[in-house]
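The block underneath contains the structure these notes are about, expressed in structure tokens.
Below, all heavy atoms of this structure are taken into account, side chains as well, without hydrogens, waters or symmetry copies. Every chain is numbered from 1, with letters handed out A, B, ... down the list of sequences.
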Amino acid sequence: MSAVPASFFAPGHKVRIAGRMAPPHLLSSKPAQRDSMRQVRIIRSNTFRWALAVAGVFAAFIIVLFGFIYWQTDQYLIARSDLMIATQLDVIAALPGEQRLDAINEHLKQDSRGVHYAGLFGADGHKIAGNLEQVPPQLKVDDSVQSVPVIATLPLRRDRHVIRAIGRRMPNGDVLVIGREVDETREISHVVGQALALGLLPALCLCLLAGAWLSMRSQKRVEEVNQRVQRIIAGDLRERLPHRDVDEPFSRLAAIVNGMLDEMETMIRALAGVGNDIAHDLRTPLTRARLSLERGRTNAATLDQLQTVVDKAIANIDQSLTIITALLRLAEIENSRRSAAFGSVPLQELLREVYDIYEPIAENKNINLRVEVGPRLDVRGDRDLLFEAVANLVDNAIKFAPDGGEVVVKLLRADGETILRVTDTGCGISEQEREAVLRRFYRSDKIRSTPGVGLGLNLVAAIVKLHGFRLTIHSGPGGRLEIICPDKQG
Amino acid sequence: MAVVSGERSFAGTPDSNRAGGVATAGNQLMTKVLLIEDDSETAEEITAELSDRGFEVAWSANGIEGLDKARSLQPDAMIVDRLLPGMDGLTVIEALRKDQVRTPVLVLSALGAVDDRVRGLRMGGDDYLTKPFALVELVARIEALLRRPVESRETTLRVGPLELDLIERSARRGDRGIDLLPREFRLLEYMMHHSDQLLTRAMLLEEVWNYKFVPATNLVDVHMGRLRHKVDGPGEIPMIHNVRGAGFILRTGP
């Protein structure tokens with residue numbers, strides 16, 4: 001019994017030796033080696049180990065069960081036979097003297113299997129009748145049924161046995177002993193045990209097979225995933241993990257990872273786009289600067305002309321620097337974890353200040369700037385950043401509102417939310433442009449001529465995101481942007 | 001890399017030649033500025049510009065030497081780069097402040113983030129300028145530092161015919177009262193504190209508007225235009241002057 005599990009665990013040793021040869025990620029491309037490595041990996045795999053563990057626990061459980069059944073059966077059979085012996089003794093002892101001998105002989109004769117023992121001995125210990133040669137020396141007379149070794153005379157043999165026996169001294173001094181072989185009951189228990197053992201073996205095999213199969217299956221999927229991932233690492237961003245439409249952990253995991261890959265692909269593509277945009281937006285002014293300097297060096301005849309050229313070049317370089325500053329600022333906000341410094345920001349006060357600053361600018365452009373604030377509304381946040389965000393929105397709105405137009409900043413309260421709304425009477429942002437405006441450097445074709453770096457809304461979006469607020473852009477006519485501040489910030 | 005070669009080829013040049021030469025000319029009234037900057041080319045440009053404007057400039061290319069010079073030369077103002085070989089710029093300032101040296105310090109840095117700026121000022125810097133910067137901006141800031149208004153109990157500021165009552169929050173030019181909005185009042189107050197000095201847009205944004213970012217629109221120009229409209233009435237000699245490409249000056253003269 002105990003040898004069985006040991007032989008099952010034996011492959012484990014082979015595994016450990018083989019496993020040391022090469023770590024799994026160094027898999028060479030040679031097919032043969034790969035195959036053997038795969039086998040090793042199946043055995044090493046967690047799934048297989050789990051199967052082994054389950055098989056082990058199962059075996060232990062069965063062994064304990066067997067022990068319990070064996071013990072219980074044994075107890076039951078012995079108790080029954082003890083009762084029989086005691087009854088027999090009572091019956092024979094109750095008979096008058098001569099009939100006892102007949103009863104003993106009769107009792108022994110009826111026993112075709114040779115499991116019964118009986119003996120009547122005189123007060124001095126000599127045998128009167130029965131198949132026992134002497135009173136078993138260890139037998140306590142006038143006690144309950146007990147296990148004692150005896151020497152029996154059987155039809156075929158004469159040997160020492162341990163039997164269950166009971167002895168009683170008769171009124172005339174004789175000793176009556178009745179016994180019964182219990183090996184038979186032990187045999188029955190053994191049969192039960194064997195049956196269990198026979199059941200255990202196939203169950204263990206089944207466990208191991210299931211383990212190996214599951215492990216192989218998961219290995220295959222891991223290998224499949226590995227290949228896809230390798231392709232992704234190699235730069236194929238469109239590759240996705242395989243998944244079936246079933247509610248199974250592997251598929252669910254694959255779906256989750258795919259979701260993440262989607263997000264990352266979008267981000268990487270956006271980033272690549274940004275890289276191009278940056279290069280383009282930086283190169284344009286730098287090219288202009290370079291050209292004017294080059295031409296000025298050759299052509300400028302007077303100091304005045306040279307200064308004009310240099311001024312132009314400086315202006316262009318400043319434009320490049322402004323872009324870099326704006327990008328760094330954007331990165332600073334996007335990477336900041338400054339929520340610890342958040343405080344309560346009274347919005348209407350902030351709006352009043354924005355109005356204070358932008359009113360002259362609006363007036364210069366003949367635009368009516370209005371700020372409508374209701375009761376005091378506070379949000380949690382970084383005052384300076386929120387100011388920057390609102391200033392940017394208002395700045396944009398004024399920039400895009402036509403001559404004689406209007407820009408309105410409004411503070412509203414909806415259920416559980418504070419809404420800061422900036423509307424203008426400009427051309428607005430069309431449905432198609434809504435996503436694009438949040439792209440870095442995006443400038444609507446309609447407003448290409450308007451000066452600006454094209455990062456304003458990105459900054460607003462970054463600040464809004466940092467606060468756990470939302471930025472919504474409504475489509476035209478007229479621009480309408482809202483910063484929505486939920487009372488419970490995520 | 002540029003640092004090493006710079007030190008080798010320019011070691012001691014600025015102070016031993018230029019500033020030394022000025023010193024031997026015997027002008028003891030010249031304002032001394034100590035520049036601690038490891039990039040020799042930048043240092044050379046700054047030194048040349050400040051010398052042209054009449055400053056006596058001493059240059060150190062590393063923090064340790066810079067700290068020594070700050071103690072021995074006792075300059076009137078210092079320009080300190082943040083990232084220096086030997087000793088970090090902020091550490092230099094900290095050490096000086098511990099010695100109770102109150103010399104105004106302008107911190108230069110390629111680190112432009114708001115947090116870096118706040119840190120630079122907290123560590124004892126008086127002003128902070130992000131690289132790259134315009135020379136005109138640097139000079140304007142140094143001059144502002146050198147002529148920081150003395151803490152006075154005066155409640156009235158006067159520049160020529162211009163008068164600002166800080167208690168009543170009222171302004172007048174000669175006999176003419178000027179009606180100012182709160183922000184305009186703050187702007188004029190700052191300009192009167194720094195009369196006859198060039199004030200750049202960035203300085204105004206920081207000091208008057210408390211802006212920590214550069215707005216997209218020419219805020220300063222629009223507000224300055226309004227203020228100027230109120231201060232310089234028709235027929236009056238203009239007091240607020242626009243210095244092209246640099247900033248604004250409030251002065252009595254033409």
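When heavy atoms are compared at a cutoff of 4.5 Å, A/Ile357 approaches chain B by way of both its backbone and its side chain. Neither the backbone nor the side chain of A/Asn396 comes within contact range of chain B; no heavy atom of the residue lies under 4.5 Å from a heavy atom of that chain.
Atom CG of residue B/Asn218 and atom CD1 of residue A/Ile361 lie 8.5 Å apart, to the nearest 0.5 angstrom.
A 6.0 Å sphere centred on NZ of A/Lys312 holds no more than 12 heavy atoms belonging to other residues, nucleotides or ligands. Heavy atoms from other residues, nucleotides or ligands lying under 6.0 Å from CZ of A/Arg290 number 12 at most. Heavy-atom contacts from other residues, nucleotides or ligands closer than 6.0 Å to CG of A/Asn299 number more than 12.
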Practice prompt. List the steps, then state whether side-chain contact (heavy atoms from CB on, under 4.5 Å) holds for A/Leu321 with B/Lys131.
Written response: CA-CA 10 Å; A/Leu321 292 176; B/Lys131 286 179 180 177; over 6 Å; no

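No salt bridge links B/Arg183 with A/Glu359; every basic N to acidic carboxylate O contact stays at or beyond 4.0 Å.
Shortest non-hydrogen contact noted between B/His223 and A/Asp356 is CE1-O, 3.6 Å.
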